[in-house]
Amino acid sequence: MPRVPTPADQPRAHLFRRFASMVYDLLVLAALWMLTAAACLAATAGTMDVAHPPWWQQLALAAVTAGYFMVSWCRIGQTLGMRPWRLLLLREDGDRLRAGQALVRFLAACLSLALLGAGFWCAWFDAERRTAHDRLCGTRMDRLYASRRRSG
């Protein structure tokens, strides 16, 4: 696998781009959650109380959410929401994340969101624009630039 550019080669991602990509990812997750809920409803032959979902359905929704981020980050370094905003998530050494690292980052980012985004706001004060969960997991989020062709 070819190595991704080193930290000095890529500019860091602004918080605006991160939050915009999270909005896009929320749309993808909503679709995945609906499919998961439909599968759970089908598994109970429609007898499940949708107003009070059982613990195993909530666990399935959490697993689908974690799986979406972990597979995206480990395989290609991007979620579907990160692609239009040209963001790439990598380890500090420029390689793709490992599964354990992706899981810890996912859990730390969830905790950060639960604390009103406290871990994300750290990026405002960090010279490399790294969030608290980036620092904790040894990752960085870079902004990719498209190669432009000159005509003429």
Side-chain angles (χ1 to χ4, degrees), residues 1-5 7 10-126 128-144:
M1 170 184 344
R3 230 175 135 83
V4 181
Q10 295 288 65
R12 298 296 180 255
H14 290 277
L15 269 181
F16 171 77
R17 287 183 174 274
R18 288 179 186 239
F19 288 133
S21 74
M22 285 193 289
V23 171
Y24 282 40
D25 282 328
L26 189 58
L27 298 173
V28 175
L29 284 172
L32 290 173
W33 292 335
M34 285 188 273
L35 290 172
T36 304
C40 291
L41 190 59
T44 61
T47 60
M48 183 174 62
D49 181 10
V50 293
H52 301 92
W55 65 269
W56 55 268
Q57 181 186 5
Q58 295 174 4
L59 184 63
L61 292 169
V64 165
T65 304
Y68 168 72
F69 285 104
M70 289 177 62
V71 168
S72 298
W73 290 338
C74 291
R75 292 200 53 145
I76 58 175
Q78 295 177 307
T79 61
L80 291 175
M82 292 166 68
R83 286 182 182 193
W85 292 98
R86 300 196 175 280
L87 299 175
L88 182 66
L89 182 66
L90 301 166
R91 294 190 333 221
E92 288 177 337
D93 63 4
D95 286 338
R96 303 275 187 244
L97 275 68
R98 294 186 195 107
Q101 190 177 25
L103 178 61
V104 171
R105 188 179 193 281
F106 171 76
L107 295 173
C110 288
L111 179 62
S112 176
L113 284 173
L115 296 173
L116 303 175
F120 287 93
W121 300 119
C122 295
W124 282 106
F125 307 106
D126 187 88
E128 296 177 350
R129 295 187 185 140
R130 293 172 62 190
T131 60
H133 42 277
D134 283 330
R135 290 254 178 228
L136 175 71
C137 299
T139 59
R140 69 175 204 264
M141 190 170 295
D142 293 341
R143 180 175 175 202
L144 302 174

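All values below were derived from every heavy atom in this structure, side-chain atoms included, with hydrogens, water molecules and symmetry-related copies excluded. Position 1 is the first residue of the sequence; numbering continues from there. All values derive from a computational prediction rather than experimental measurement.
Residues Ala37 and Leu61 approach most closely at N-CD2, 4.5 Å, considering heavy atoms. Nearest heavy atoms, Cys40 versus Ala60: SG-CB, 4.3 Å. Nearest heavy-atom pair, Gly94 versus Leu90, reported as atom, atom and distance to 0.1 Å: O-CD2, 3.9 Å. In terms of heavy atoms, Pro54 sits closest to Met48 at CD-SD, 3.3 Å. Closest heavy-atom contact between Pro84 and Gly81: CD-O, 3.6 Å. Between Thr131 and Ala123, the shortest heavy-atom contact is CG2-CB, 4.1 Å.
No side-chain heavy atom of Leu111 sits under 4.5 Å from any side-chain heavy atom of His133. Taking 4.5 Å as the limit, every side-chain heavy atom of Leu116 sits out of range of all side-chain heavy atoms of Trp121.
With hydrogens and angles ignored, the 3.5 Å screen pairs no side-chain donor or acceptor of Trp124 with any backbone N or O of Leu15.
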- Item | Residue pair Tyr24, Thr79: steps toward the side chain to side chain contact (heavy atoms under 4.5 Å, CB included) verdict | CA-CA 9 Å; Tyr24 282 40; Thr79 61; over 6 Å; no
- Message: side chain to side chain contact (heavy atoms under 4.5 Å, CB included), that's the test. Do Leu89 and Arg105 meet it? Break it down for me.
- Response: CA-CA 11 Å; Leu89 182 66; Arg105 188 179 193 281; 3.6 Å; yes
- Task: For side chain to side chain contact (heavy atoms under 4.5 Å, CB included), just list the numbers for Met141 and Leu88, CA-CA rounded to whole Å, side-chain angles, deciding distance to a tenth of an Å, and then say yes or no.
- Result: CA-CA 5 Å; Met141 190 170 295; Leu88 182 66; over 6 Å; no
- Test Gln57 against Thr44 for side chain to side chain contact (heavy atoms under 4.5 Å, CB included), laying out the working first. CA-CA 11 Å; Gln57 181 186 5; Thr44 61; over 6 Å; no
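The aromatic rings of Phe69 and Trp73 are tilted relative to each other, their planes meeting at an angle between 30° and 60°.
Rounded to the nearest 0.5 Å, atoms CE (Met70) and CG (Leu97) are 9.5 Å apart. Taken to the nearest 0.5 Å, the CG atom of Leu136 stands 11.0 Å off from the OG atom of Ser112. In this structure, CG in Asp134 is found 14.0 Å from CZ in Arg91, a value given to the nearest 0.5 Å. Of the inter-residue distances, the one linking Leu32 atom CG with Leu27 atom CG reads 11.0 Å to the nearest 0.5 angstrom. Going from atom OG1 of Thr139 over to atom CG of Asp95 covers 13.5 Å, rounded to the nearest 0.5 Å.
A salt bridge does not link Asp142 to Arg86: none of the charged side-chain nitrogens sits closer than 4.0 Å to a carboxylate oxygen.
Only one option out of Arg135, Arg130, Arg140 pairs with Glu92 in a side chain to side chain donor-acceptor pair (under 3.5 Å); it is Arg130.
Scanning for side chain to side chain contact (heavy atoms under 4.5 Å, CB included) contacts around Ser21 gives Met82, Trp85, Leu87, with sequence neighbours left out.
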